[in-house]
Amino acid sequence: MTKELMKGNDAFAEAAVRAGVEGFFGYPITPASEFLEYMAKRMPELGRAFLQAESEIGAIHMVYGAACAGVRSLTATSGPGLSLMSEALSYIAGTEVPAVVVNVMRGGPGLGNIAPSQSDYNQMVKGGGHGDYFPIVLAPATVQEAIDHITLAFDLADKYRSLVFIAVDGNLGQMMEPAELPPMRVLPEEPPSWSVYGAKDREPNILTSIYIDPPDEEVTNIRLLRRWMEVEKNEIRYKEYELEDAEIAVISFGVAGRICSSALRTAREEGVKVGMIRPITLAPFPTEAIRELSKRVRRILVVEMNTGQMLNDVKQAVGGRVPIEFYGRIGGITPLPDEILEEIHRVNQNTEDIADGQEKVEWLERLEARIERGDQ
Amino acid sequence: MIEMEVVYSRPESFTPTTTHYCPGCTHGTAHRLVAEVLDEMGIREKAIGVAPVGCSVFAYDYFNHDFVEAAHGRAPAMATGIKRVRPNNTVYTYQGDGDLASIGMAEIVHAAIRGENITVIFINNAIYGMTGGQMAPTTLPGMRTTSSPGGRDVETMGYPVRMSEMLSTIDGTSYAVRRSLHNPANVRKSKKAIRRAFEVQERGMGFAMVELLSSCPTNLKFTPQQALDFVGDQMVSYYPLGDYKVAPEVKALKV
Ligand SMILES: Cc1ncc(C[n+]2csc(CCOP(=O)(O)OP(=O)(O)O)c2C)c(N)n1
Ligand code: SF4
């Protein structure tokens, strides 16, 4: 297949169609609306279900219903919508049905703005809804990766009967990039045996998230945790960049990671021995890879488009072995490669220890000075 | 041997078990009517029920067909998701008044607006049963509940909502009627309405809801008979029984 120039959101939506999505339910929200608009046209062409719901609450409970009916279903939203969906996400996890949510992240909290951001890291990675459950979170950095992640997300959702988030930001959704779409998946003829499709010649299937007797709920929680441990064993994904001889390492995900990788190339040309790990699964998190990395480098720089949400997971992995620095742009601002390059040089020259928490104080001082100077 | 005719037996759509409902509660009656209708229409094998959060949260234990359990109030959205991807199945929700008329108001209204081809069985017992007798959106003026201990004061707590009337104003609604379960004659009428509501779905005629006035002796602190009398006297006078919307094509249905 040849590569075509495609706009992020359209490409993701078409990828979802080809991954065999039979139910799309959504509610308009910038910067995810194009996904909905694409599906509005495409799904009926194929005789598949598309519906603009009355709210994100409605949309995700429709996804929940369709998932119980055993078809691949998804929604696409952004922060404020995801907040409304928290209830159903917990139910989906508790009922152990597969579902995929694309979250095109924007600046927050509150209504925030519609500019790209990574500030929903905790909301997705730590679950968002009530109770003990463990969603899988994928963080693509290119349009191609996002396309591939749509299929991957459904495969993982089906395999583990799990909730899977695809964490993209407004940049990716709007980006035009050459990319290749997957072939059209042949839709399964039979519904999954556990799903609801009518109890003909079999016992009824009951899908519920209620376990009124605590011992039953405990067993369920154990099952969910054991399944998650399987996910942790099998599904951790990350990308390494120039780590062989690296003395300092950048850790960054999604579009921020992509910007870091271009800053990293320049830094290399300028003689800095810098490498990078870009987590692709934010959950399960590549803890072990980062732990190992921290034994080989003298300093780590975490870069995010939030106030340091992944930073905590990195810290846990590193366990104080080497100093960790942080750099982030927030509120819907995307850092420039030059900005990151400057940070890489600074970190490379810094030999001082940093007390836990101090990295954020120092970052804020640098960021505020930059804002004061009127630099972008 | 004497030949005997079976005049009463457990519907096939029921599981052979007893329910957890309190003595005198009409949830069980409503369940039975649904089960009989599913049997008579021969649609048990393709039925998918959507249970609410409320006393009937375990409805799926009593029905012998596929079931899902929705979040509080969201059954119509969940049913929509199922029906849209499995249009050949018969999909119905079974919801209490807190579930349908309070927390789930947006979901039920929009399911009606879309003319969603589902059947809704709405149990109006004027109270929150499961959580211990708090005020429902349907609690009558002056009625004492655990969260309106001085009686429902409509000035500060609002007025009871009449869902059948409200949904009847929506173009997408094909069938919206209110019946009561307080005595045998009304139980029979309720069953007829439930039958019609399922026929509406089977013929792709859109959104159908049957509101059933129901008893909650436990939380009203009544004996079973007093509770039924309360439904027949007080509730029926605030919530008049009747057909609020019967679309012409539904009227023409021979049931
Ligand atoms: C989001 C949420 N809020 C509150 C509750 C607690 N809750 C459980 S059942 C119920 C009310 C049920 O009343 P109703 O729908 O009238 O049904 P009934 O029990 O009377 O049959 C409430 C408030 C819940 N489970 N979920
Ligand atoms: S509490 Fe009320 S509604 Fe619930 S089972 Fe008992 S009588 Fe029925």
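Chain A is the first sequence line, chain B the second, and so forth, proteins listed ahead of strands; every chain is numbered from 1.
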> Can you check side chain to side chain contact (heavy atoms under 4.5 Å, CB included) on A/I212 and B/F58, steps first, answer last?
Replying inline: CA-CA 10 Å; A/I212 202 77; B/F58 296 121; 3.8 Å; yes
> side chain to side chain contact (heavy atoms under 4.5 Å, CB included) between B/Y60 and A/L207: does it pass, once the steps are laid out?
Replying inline: CA-CA 9 Å; B/Y60 54 75; A/L207 292 170; over 6 Å; no
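Neither the backbone nor the side chain of B/V50 comes within less than 4.5 Å of any heavy atom in chain A. Within the 4.5 angstrom heavy-atom criterion, only side-chain atoms of A/L51, from C-beta onward, approach chain B. Interface residue A/Y91: only side-chain heavy atoms are found under 4.5 Å from chain B. The contact between B/N64 and chain A is made by backbone and side chain atoms together, counting heavy-atom distances below 4.5 Å. With a threshold of 4.5 angstrom between heavy atoms, B/A70 approaches chain A through N, CA, C or O but not through any side-chain atom. With a 4.5 Å cut-off on non-hydrogen atoms, A/R202 touches chain B through its side chain but not through its backbone.
Within a 6.0 Å sphere centred on OH of A/Y27, other residues, nucleotides and ligands contribute 12 heavy atoms or fewer. Within a 6.0 Å sphere centred on CD of A/E45, heavy atoms belonging to other residues, nucleotides or ligands number more than 12. Dense packing is recorded around CD of B/E40, with more than 12 heavy atoms of other residues, nucleotides or ligands lying under 6.0 Å away. Atom CG of A/D216 has more than 12 neighbouring heavy atoms from other residues, nucleotides or ligands inside a 6.0 Å radius.
Atom OG1 of A/T95 and atom CD of B/E69 lie 8.0 Å apart (nearest 0.5 Å). For the atom pair SG (A/C68) and CE (B/M78), the distance works out to 3.5 Å, reported to the nearest 0.5 Å. Going from atom NZ of B/K83 over to atom CE of A/M62 covers 15.0 Å, rounded to the nearest 0.5 Å. To the nearest 0.5 Å, atom OH of residue A/Y64 and atom CD1 of residue B/I82 are 9.5 Å apart.
Between B/D66 and A/K200, no side-chain nitrogen of the basic residue sits less than 4.0 Å from a carboxylate oxygen of the acidic one, so the salt-bridge criterion is not met.
B/R86 contributes a side-chain N or O that, together with a main-chain N or O of A/A69, makes up a donor-acceptor pair within less than 3.5 Å.
Closest heavy-atom contact between B/H65 and A/P204: O-CB, 3.3 Å. Taking all atoms of both residues into account, the shortest heavy-atom contact from A/A49 to B/V85 is CB-CG1, 4.0 Å.
Counting heavy-atom pairs closer than 4.5 Å to chain B, the top residue among A/E22, A/E87, A/R48, A/E54 is A/E54. The greatest number of non-hydrogen atom pairs below 4.5 Å with chain A, out of B/A51, B/G81, B/A79, B/A47, is found for B/G81. Contact count versus chain A (heavy atoms, under 4.5 Å) is highest, among B/V109, B/N89, B/D61, B/T90, for B/N89. Listed options A/V63, A/V71, A/V196 were ranked by heavy-atom pairs under 4.5 angstrom with chain B; first place goes to A/V196.
A/I210 has its side chain within reach of B/V57: a pair of non-hydrogen atoms, C-beta onward, lies under 4.5 Å apart.
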